[in-house]
Amino acid sequence: MPELPEVETTRRGLTPHLAKQTIQTLIARQTRLRWPIPTHLKNALPGQIITQIDRRGKYLLLTCTRGTLIIHLGMSGSLRILLKTTPATKHDHVDIILRNGTCLRFNDPRRFGCILWTTDDVNKHDLLKNLGPEPLSRTFTGDYLYNISRGRRTPIKTFIMDGQIVVGVGNIYANEALFKAGIHPKKAVGKITLDDYKKLANAIKKILTTAIKQGGTTLRNFTDSNGKPGYFKQLLRVYGRGKLPCYICQTQLKEIRLGQRSTVYCTKCQS
DNA sequence: AGTGCGGCCTGTCCGC
DNA sequence: TGCGGACAGGCCGCAC
């Protein structure tokens, strides 16, 4: 389950392998992802040199000589660098073969991810043009949240999971950040004070930064072949802990559905 | 415009 | 032990 920290970790891991490399071919074994892989990609990619590897929210952006690859890992996607001779296994949907004999392999059991291509300004792409600020940037502050939430009634948890408000905050981190900031997940955004928004913005930054330092570890049933355990799981205060005692006050944590998402909070610590 | 929700997918887990 | 069904999650795109 790639969250922003894992996408960032992926980006950092891929960069030395991809930067300045030339693409030889594209192999698409399964083109039906979140959106179909563009049919012209097979013609567009060969000869392209990858010049830059960026991240916007949970999107990876591979800037090439004459276009940009937009990759999202969805729920279950992963990217690996392998020798191009490595046999493909289940859910290895796409290979981008490089001239140096390596390959970037996209694996995604649930196929919620996507691989798209644009030759225009990538920030004007439909998927990116309306995205909110990066949570770790200076523009994401308590003041920002306060100002854009006046007069609105959405529950705060839904609000911070909205990519147009701020990118990269998924269900797990939303739960954790609200607990850390002491804010009830259902609280209407228009009624939250500037002071609380400052706490919340800081909580989001802190949690994401910590998770990146952990190597962007996935959570729950992490069945990576490397057998890497979920380090960040040990730091979870509320997510996945419904009915268990709050670490702060021992009150039984409450679990509800909010916007069809599992939501866990402490009735005493969060108001 | 703001808000809420259905749908896309497969692996895992639970109860029978 | 096998099987069906609920659930998990990001996030677009639609309906109100």
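Residue numbering restarts at 1 for every chain, and letters A, B, ... go by the order of the sequence lines.
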Between A/Q30 (CD) and B/dC8 (C1'), how many Å, whole number?
-> 13 Å
Hey, does the side chain of A/Y173 come within less than 4.0 Å of C/dG10's phosphate (OP1/OP2), counting only N and O?
-> no
Any side-chain N or O of A/Q260 less than 4.0 Å from the OP1 or OP2 oxygen of B/dG4?
-> no
Please state whether the phosphate of B/dG11, meaning OP1 or OP2, lies under 4.0 angstrom from any side-chain nitrogen or oxygen of A/H91.
-> yes
If you measure from CD on A/Q21 to CD on A/Q48, what distance do you get to the nearest 0.5 Å?
-> 14.5 Å
A/R34 (side chain) and C/dC11 (base): donor-acceptor pair under 3.5 Å | yes
So, does A/R56 use its side chain to make a donor-acceptor pair with the main chain of A/L131 at under 3.5 Å?
-> yes
Check whether any side-chain N or O of A/R153 sits under 4.0 Å from OP1 or OP2 of B/dG2, and answer yes or no.
-> no
With the side chain of A/R152 defined as its heavy atoms from C-beta on, choose the nearest nucleotide among B/dT10, B/dG2, C/dC11.
-> B/dG2
How would you label the contact of A/T158 with the nucleic acid (heavy atoms, under 4.0 Å): base, sugar-phosphate, or nothing?
-> nothing
So, are A/D196 and A/K199 salt-bridged, with charged N and O less than 4.0 Å apart?
-> yes
Counting only side-chain N and O atoms of A/W35, is one of them less than 4.0 Å from OP1 or OP2 of C/dG10?
-> no
Could you check how far CG of A/L258 sits from P of B/dC5, rounded to whole Å?
-> 10 Å
Side-chain polar contacts of residues 139-149 of chain A - donor-acceptor pairs under 3.5 angstrom, sequence neighbours left out - could you list them?
| unit_1 | atom_1 | unit_2 | atom_2 | d |
| --- | --- | --- | --- | --- |
| A/T139 | OG1 | A/S137 | OG | 3.0 |
| A/T141 | OG1 | A/D143 | N | 3.4 |
| A/T141 | OG1 | A/Y144 | N | 3.0 |
| A/Y144 | OH | A/I165 | O | 2.7 |
| A/N147 | ND2 | A/D143 | O | 3.1 |
| A/S149 | OG | A/L145 | O | 2.8 |
| A/S149 | OG | A/Y146 | O | 2.9 |
| A/S149 | OG | A/Y197 | OH | 3.3 |

Does A/K90 make a side-chain N or O approach to OP1 or OP2 of B/dT10 shorter than 4.0 Å?
-> no
Spacing between A/R111 atom CZ and B/dG11 atom C1', to the nearest angstrom = 13 Å
Take atom CE of A/M75 and atom C1' of B/dT12, then tell me their distance rounded to the nearest Å.
-> 12 Å
Find which nucleotide of DNA chain B each of A/R261 and A/P155 is nearest to by heavy atoms, and output the residue with the more 5' nucleotide.
-> A/P155
Between A/S76 and B/dT10, is there a side-chain N or O to OP1/OP2 distance below 4.0 Å?
-> no
Take atom CG of A/L73 and atom C1' of B/dC9, then tell me their distance rounded to the nearest Å.
-> 15 Å
Quick one: which of C/dG10, C/dA8, B/dT3 gets closest to the side chain of A/T154?
-> B/dT3
Polar side-chain contact A/R110-C/dG10 base: donor and acceptor under 3.5 Å = no
Whichever of A/F159 and A/D108 has its nearest DNA chain B nucleotide further upstream toward 5' = A/F159
Using the rule for Phe, Tyr, His and the six-membered ring of Trp, do A/F112 and B/dC8 stack at under 5.5 Å and under 30°?
-> yes
For A/T263, check side chain to side chain donor-acceptor pair (under 3.5 Å) against everything at least two apart and list the hits.
-> A/K157
Sort out the partner of C/dT1 for me: Watson-Crick or G-U wobble, both distances under 3.5 Å, none otherwise.
-> none
Under 3.5 Å, is there a donor-acceptor pair linking the side chains of A/D162 and A/Q164?
-> no
To the nearest angstrom, the NE2-P distance between A/H125 and C/dC12 comes to 11 Å
For A/G170, answer base if it contacts any base atom (sugar-phosphate contacts may also be present), sugar-phosphate if it contacts only those atoms, and nothing otherwise; contact means non-hydrogen atoms under 4.0 Å.
-> sugar-phosphate
Side-chain contact check for A/K58: nearest option of B/dC9, C/dC12, C/dG10 is C/dG10
Using whole Å, report how far CG of A/L116 lies from P of C/dC11.
-> 13 Å
For atom CZ of A/R257 and atom P of C/dC7, their distance in whole Å = 7 Å
